[in-house]
There are 2 protein chains.
Amino acid sequence: MSKSKIKDTTKISNAVIKRLPRYRRYLKELKKKGVDKISSNELSSLIGYTASQIRQDLNNFGGFGQQGYGYNVDGLYNEISAILGLDREYKMVIVGAGNLGQALANYTHYYRAGFVVKALFDVNPRLVGLRINDIDVLDSEGLVEYVEDNEIDLGIICTTKDNAQEIADKLCFAGVKGIWNFAQVDLEVPNHVALENVHLSDSLYTLAYKVSGNAAQNGGAGFEE
Amino acid sequence: MSKSKIKDTTKISNAVIKRLPRYRRYLKELKKKGVDKISSNELSSLIGYTASQIRQDLNNFGGFGQQGYGYNVDGLYNEISAILGLDREYKMVIVGAGNLGQALANYTHYYRAGFVVKALFDVNPRLVGLRINDIDVLDSEGLVEYVEDNEIDLGIICTTKDNAQEIADKLCFAGVKGIWNFAQVDLEVPNHVALENVHLSDSLYTLAYKVSGNAAQNGGAGFEE
DNA sequence: GCGATTTTGTGCGTTTTTTAACGATACTTA
DNA sequence: TAAGTATCGTTAAAAAACGCACAAAATCGC
């Protein structure tokens, strides 16, 4: 994959990156429908970004299109997948086997994209020993050792906010490369560890804002962010 | 609440709104610690935004501070809560009583902020009739009627992406004011209905990107988005 | 094979967002 | 009470993101 003319991808803005999964989602849909090629204009009317922005986004990584033709759906899908790093496998652990942790463990959607949950961890003795979706719930005591021994790539934090930083510290110490944080707190991690937050409450509050009448009405076709 | 000098709040950018819940989170923490006042500079070193940005964000809504003093923690917390629309109650239904729907139903965190789950809905006969966290799981057949009769404000969509648009249509028809969407699809809703998406896969993919080595390393104190 | 057409890649102007600077104002202390 | 200091609100500058326009290049039809 990704034999593209190498560009300097170290300065890509966050805004661009956040749009990539969306491109990929629509391309996947097009693939499923058997569409072979697509132009930036057609993509634009599907996704809602301007054609110009789409072309510019993609050109940050390489010239994937052909003048007079457009983009090859399958090829572009693969390129974006590779850019996102979805052409490899990630081993993950989930810390916190409560409702959310269990839901994520059962969420088989991302398995197909190479994200494999190897174990759940919890401090609660009533949860330790359970099997969720064929995944063992282990005692948090053994977290660091497990992550080290099994070369875990990513840690998912589903604990309360009071425990989250301590867990993050352990995960970083044990060598994870990234943390997916669902706890309602902003974690501090070393620079070499990636961090992605999902603050559900924050998201709900912005919905409340939009509903509450303080906000302007949604202008266009119903897309946002 | 919110007796503030009225400003034109209809043109506030999304970026500002997304920061408000975070301000609120830190102010809550300060309140708990018994801190009375805080300056934009102190807030800056806590949150990681520049002091200038903090002042400008807050001034979009009104002058909540006092020169030479700073901001009153309790007062500012209340103002931001009011701006976000958290000074009232929201009645919600969750559609899709799978793992994620159940997790959200059990997620009592947001109850305190006025978000009350009135019912879950599912098409699966094996789930209908259950009670999750004292909330009934009802048959999706009755969704529209229930939402109308109980004046539901918000609908939470936790179904597969194939059913999501249909559910959204029903919710909108039945009169919800906002939709919190967890399905992996971009929904179309009327302009008067607010939409907030939580695309978990998208979030995970951006984490993969950061980890995969294509991305630049996290520069500063460990905050992002 | 050639001309008309499509559509990309990209330079450039515009808008939006962020950061910096500073005057005005209120607090604090002697 | 008055001088000194802290800090906001706001204006101006800088940076980033976005959209437009067009030349270059490849396709498609005849």
Side-chain angles (χ1 to χ4, degrees), chain A residues 4-20 22-23 27 35-73 75-76 79-80 216 219-221 223-225, chain B residues 4-20 22-23 27 35-73 75-76 79-80 216 219-221 223-225:
Chain A
S4 31
K5 320 146 199 168
I6 286 112
K7 294 205 173 186
D8 177 19
T9 59
T10 58
K11 282 288 164 64
I12 309 289
S13 81
N14 236 307
V16 175
I17 303 306
K18 291 269 175 195
R19 283 192 291 268
L20 291 181
R22 185 148 160 179
Y23 291 132
L27 288 166
V35 178
D36 282 334
K37 70 163 186 175
I38 189 137
S39 70
S40 56
N41 256 305
E42 292 168 310
L43 257 182
S44 169
S45 55
L46 275 177
I47 306 190
Y49 303 143
T50 66
S52 184
Q53 177 157 71
I54 292 170
R55 290 200 299 276
Q56 208 155 24
D57 280 353
L58 298 176
N59 263 94
N60 282 309
F61 303 97
F64 303 135
Q66 292 271 299
Q67 277 109 328
Y69 177 85
Y71 298 87
N72 177 275
V73 170
L76 188 56
E79 289 283 3
I80 291 180
F223 298 118
E224 100 281 359
E225 179 154 346
Chain B
S4 31
K5 318 147 202 171
I6 286 110
K7 293 203 172 187
D8 178 20
T9 59
T10 59
K11 282 287 164 62
I12 309 289
S13 81
N14 236 306
V16 175
I17 303 305
K18 291 269 176 197
R19 283 192 289 268
L20 292 182
R22 186 148 159 178
Y23 291 132
L27 288 166
V35 178
D36 281 334
K37 70 163 188 175
I38 188 136
S39 71
S40 56
N41 257 304
E42 292 168 311
L43 257 182
S44 169
S45 55
L46 275 175
I47 306 191
Y49 304 142
T50 64
S52 188
Q53 177 158 71
I54 292 170
R55 288 200 300 275
Q56 207 155 25
D57 279 354
L58 297 177
N59 263 95
N60 282 308
F61 302 98
F64 303 135
Q66 292 271 299
Q67 277 109 326
Y69 177 84
Y71 298 89
N72 177 276
V73 170
L76 187 56
E79 290 283 2
I80 291 179
F223 298 118
E224 100 281 358
E225 177 158 345

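Being a predicted model, the structure only gives us computed values, none of them experimental.
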Participant: Which nucleotide sits closest to the side chain of B:Ser52: C:dA20, C:dT18, D:dT7?
Facilitator: C:dA20

Participant: OP1 or OP2 of C:dA26 sitting under 4.0 Å from any side-chain N/O of B:Gln66?
Facilitator: no

Participant: Rounding to a whole Å, what distance do you find between A:Ile54:CD1 and C:dT8:P?
Facilitator: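 After rounding, the gap between these two atoms is 9 Å.
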
Participant: Please determine, by modelled atom types, if A:Glu42 and A:Ser39 share a side-chain donor-acceptor pair under 3.5 angstrom.
Facilitator: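 Yes, because at least one side-chain N or O of A:Glu42 sits under 3.5 Å from a partner of the opposite role on A:Ser39.
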
Participant: Think B:Ser40 has a side-chain N or O under 4.0 angstrom from the OP1 or OP2 of D:dC8?
Facilitator: yes

Participant: Measure from CG on B:Asp57 to C1' on D:dG9 and round the result to the nearest Å.
Facilitator: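 Computing the B:Asp57:CG to D:dG9:C1' distance gives 13 Å.
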
Participant: Would a 4.5 Å heavy-atom cut-off, applied to side chains only, mark B:Leu20 and B:Asp57 as touching?
Facilitator: no

Participant: Taking CD from A:Gln53 and P from C:dT10, how many angstroms apart are they, rounded to a whole number?
Facilitator: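 The distance from CD of A:Gln53 to P of C:dT10 comes to 17 Å, rounded to the nearest Å.
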
Participant: On the nucleotide D:dA17, are OP1 or OP2 found under 4.0 Å from the side-chain N or O atoms that A:Ser13 carries?
Facilitator: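 Answer is yes, contact under 4.0 Å.
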
Participant: Could you tell me the separation between the NZ atom of A:Lys11 and the P atom of D:dA16, rounded to a whole number of Å?
Facilitator: 9 Å

Participant: Measure from CZ on A:Arg55 to C1' on D:dA21 and round the result to the nearest Å.
Facilitator: 10 Å

Participant: So, is B:Thr50 close to the C:dT19 phosphate, meaning a side-chain N or O under 4.0 Å from OP1 or OP2?
Facilitator: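 Yes, B:Thr50 has a side-chain N/O under 4.0 Å of OP1/OP2 on C:dT19.
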
Participant: Tell me the interatomic distance from B:Tyr49, atom OH, to C:dT17, atom P, rounded to whole angstroms.
Facilitator: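 Nearest whole value for this atom pair: 15 Å.
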
Participant: Which heavy atom in A:Val73 sits nearest to a heavy atom in A:Leu27, and how many Å separate them?
Facilitator: CG1-O, 3.7 Å

Participant: Side chain of A:Gln56: nearest nucleotide among D:dC28, D:dT7, C:dG11?
Facilitator: C:dG11

Participant: Any side-chain N or O of A:Arg19 under 4.0 Å from OP1/OP2 of D:dA17?
Facilitator: no

Participant: Given that A:Lys37 and A:Ala15 both sit by DNA chain D, which one's nearest nucleotide is further toward the 5' end?
Facilitator: A:Ala15

Participant: Could I get the full list of side-chain hydrogen bond (donor to acceptor under 3.5 Å, both in side chains) partners for B:Gln67, not counting sequence neighbours?
Facilitator: none

Participant: May I have the distance from A:Asn60 (atom CG) to D:dC18 (atom P), rounded to whole angstrom?
Facilitator: 11 Å

Participant: Do B:Ile54 and B:Tyr23 come close enough that some side-chain heavy atom pair is under 4.5 Å?
Facilitator: yes

Participant: Of all the nucleotides listed (D:dG9, C:dA26, D:dC20), which has the minimum atom distance to the side chain of B:Asn59?
Facilitator: D:dG9

Participant: Report yes if a side-chain nitrogen or oxygen of B:Tyr71 is closer than 4.0 Å to either non-bridging phosphate oxygen (OP1 or OP2) of C:dA26; otherwise report no.
Facilitator: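 Answer no for this pair, as no side-chain N or O of B:Tyr71 is under 4.0 Å from OP1 or OP2.
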
Participant: To the nearest Å, how far apart are A:Gln67 CD and D:dA26 P?
Facilitator: 6 Å

